[in-house]
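Reminder, nothing fancy here: chain letters follow the sequence lines and each chain counts from 1. Any value given below was found using the heavy atoms of this structure, including those in side chains, with hydrogens, waters and symmetry copies removed.
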Amino acid sequence: MNASHLQALTTDHREEAMNPEVPFIQVEHLTKVFHPAKSRPLRLLPKKAANQGFVAVDDVSFQVQQGQIFVIMGLSGSGKSTIIRMLNRLIDVSDGSITVDGKDVRALAPAGLRAYRNQTINMVFQHFGLFPHKSLVHNVAFGLKVRGVDRETREAKAAEALALVGLGDRIHAMPDQLSGGMKQRVGLARALATDAEILLMDEPFSALDPLIRKDMQELLIKLQRNFKKTIVFVTHDLNEAMYLGDRIMVMKQGKSIQCGTAMDLLEAPADPYIEEFVAEVDRSKVVTAGMIVRPLDPSGAPPGDPDAGAVRVSDATVLNELLPIFAAGTERVEVVDQQGASVGHVTAEEVFTALSPKGYSNAS
Amino acid sequence: MRLDIGGWFESVIDWMLVNFAWFFDGAAWLVNQIVGGVEYVLIGLHPFLLIAVLAAAAAALTRSLGLTLFSAVAFLLIVSMGLWVESMSTLAVVLVSVLFSLAIGIPLGIWAALNSSVSAVVRPILDLMQAMPVFVYLIPAVFFFGVGRVPGIAATIVFSIPPAVRLTELGIRKLDAELLEAAMAFGAKKSLILKDVQLPLAFSSIMAGVNQVIMLALSMVVVAGLVGAGGLGGVVVQGVAQLDTARGFEGGLAVVILAVYLDRVTSGARSLGDVLRNRRIRKEQRAAAGTPAVAAVS
Ligand SMILES: Nc1ncnc2c1ncn2[C@@H]1O[C@H](COP(=O)(O)OP(=O)(O)OP(=O)(O)O)[C@@H](O)[C@H]1O
Ligand SMILES: [Mg+2]
């Protein structure tokens, strides 16, 4: 157990050495201006007004590290879909730069763009975007068909991806035979089947019932543990944003108004608009032990177990689930990461502090 | 002031007649050969054999017992009225006209669906083609091709192209925008998107266009009879000219039988895509049930 743990650590180190601090996706000063359709206006408006266009995304910059879930959140019309579609150039960029894995996305020629979409960046859609005339396995195999993979291989791969999302027994069903949740599983499988490193997800769970949505969020987290994709996830639900996002960018009328971790938004909302959002959030269900953990004292981290017998919880445990532990009289719990390594402690007091709302006004 | 639009049009026609006579002669010859060939087959086969084939086609495409029986009985009625040869000659003309209309109309519809400028140019032309009284087409057609079958076919083609273009374009354009995005988001080429997504999903709309093309072509048959296209049109025109009510009615009835048959069979074919697809899926599902299901991967 110890040995494998050690091995995990060393591999982690190697990965880090391979991917130094250069972000996987780097977006700078991204701007999109929609111009009204060129329908030869009758020149009744002053010329200037007619030519201005509508700024849907206004000078937005952000970075996404490899393996992270980056959430873009904001109200309807704030430009979230426009941003996510500029990342794979379904919408052309008006200004700014997008660099993915060191490559300038805006400079891609048509063939390069198709290869980039097929191999690097896939997408999951709000209304699933499944082809109604293709069975599930053919839907999921579509990306590989585009790539020119032969029929047998791509269908095997597609069946595998469908099994991953729990639909391994329905690969020959048609999309219209499925419920919404199942359809989105297919959407997810289709994006997984190509092994693209980036997933764009535009409100993928918004069209689902709350319970199914919860299931799908958990499925995504589970898959993410295994696959470590880099995900750009759009939502207008802050609870979802905080549950899934490693980092969250809040948009308002085309501008980014805050970008940070869930805790950053909760602790120091940068704007009354975010404060309003945050007030709606059920902290006990979105704040996890990992977010508030006090790191181990780096000086004296003894290899042995300092408090044997302390309750150990995963860093993904939400505070709601810690409450009964503290109610039973425990002073503090030990928090461990996915590999089972201790990352620190959380005390009851810290939990209560994290749960009490802090506004924009008292933070300053 | 009177603008001599008619005169301009006439001089355009005259100019074309002088400069493209070789083209019109060649086209007329070619069309005559094709129609002659089709007609030769339809008339050459024994009527009962052909009726069996037509009824079988109805059965295969519509899966309706009623229609199968109807077509057998109705075609036998045509034989008993002594109009079999005329009917088959008309069927040959209709089939060839429809083939040309579709060969022009469907690609044009696809092009218009993919390119908005093409669509903007094509739309008013189609409006004009459809709104113009059909007899008007016959005049230049006769100038170009003389009397006989070919001017009738030419006028029929011009008259029946619009629904093929329109319904093809509509079928492709009405595709859900998210599906198109999905196809593009996976890096598919335009040609693959067209073949794999747009056309299959537009199939039933295109088939509705085919059905309308056929109906329009049949409706031209009698008109074409005026310029000596023969067939059932000739029978009806003759009946009118000689005030022969019986003959005219029989000719009309044969046209109706052809129309009902072609309409039902082609609208049945509209769902053919679904039928074939369902059969393929059932086959796959059965095959999958036979072999052990794909092992779940961890
Ligand atoms: N093709 C277009 N032409 C003109 N304006 C557009 C176009 N697409 C989007 N817009 C406008 O840009 C703004 C941002 O749109 P976008 O779809 O990115 O919003 P969103 O944040 O995804 O909203 P929602 O939550 O409703 O999906 C909106 O005001 C929209 O009207
Ligand atoms: Mg959107």
Contacting region of B/Leu192 [heavy-atom separation from chain A under 4.5 Å]: side chain
B/Phe186 side chain near A/Arg190 side chain, heavy-atom distance below 4.5 Å: yes
Within-4.5 Å side-chain heavy-atom neighbours: A/Phe125 and B/Glu181: yes
Whether A/Asn88 side chain and B/Ala185 backbone form a donor-acceptor pair below 3.5 Å: no
Greatest number of heavy atom pairs closer than 4.5 Å to chain B - which of A/Gln119, A/Lys134, A/Lys145, A/His127: A/His127
Heavy atoms from other residues, nucleotides or ligands near CD of B/Glu10 exceed 12 (cutoff 6.0 Å): no
Taking every non-hydrogen atom, the tightest pair across B/Ala182 and A/Gly129: CB-O, 3.6 Å
Structural part of A/Ile121 lying under 4.5 Å from a heavy atom of chain B: backbone
Contacting region of A/Phe128 [heavy-atom separation from chain B under 4.5 Å]: backbone
Side chains of B/Leu179 and A/Pro132 in contact at under 4.5 Å (non-hydrogen atoms): yes
Interchain contact, A/Leu130 with chain B, by part (heavy-atom threshold 4.5 Å): backbone
Atom NZ of B/Lys174 with >12 non-hydrogen neighbours under 6.0 angstrom: yes
Within 6.0 Å of CZ in B/Phe9, more than 12 heavy atoms from elsewhere: no
Segment of B/Ala183 engaging chain A (4.5 angstrom heavy-atom cut-off): both
Contact residues of residues 53-67 of chain B (partner chain A; heavy-atom separation under 4.5 angstrom): none
A/Gln126, part contacting chain B, at a heavy-atom distance under 4.5 Å: both
B/Asp196 and A/Phe142, any side-chain heavy atoms less than 4.5 Å apart: yes
Minimum side-chain heavy-atom gap B/Met184-A/Arg114 below 4.5 Å: no
Considering all heavy atoms, the nearest B/Pro200-A/His133 contact: CB-CD2, 3.5 Å
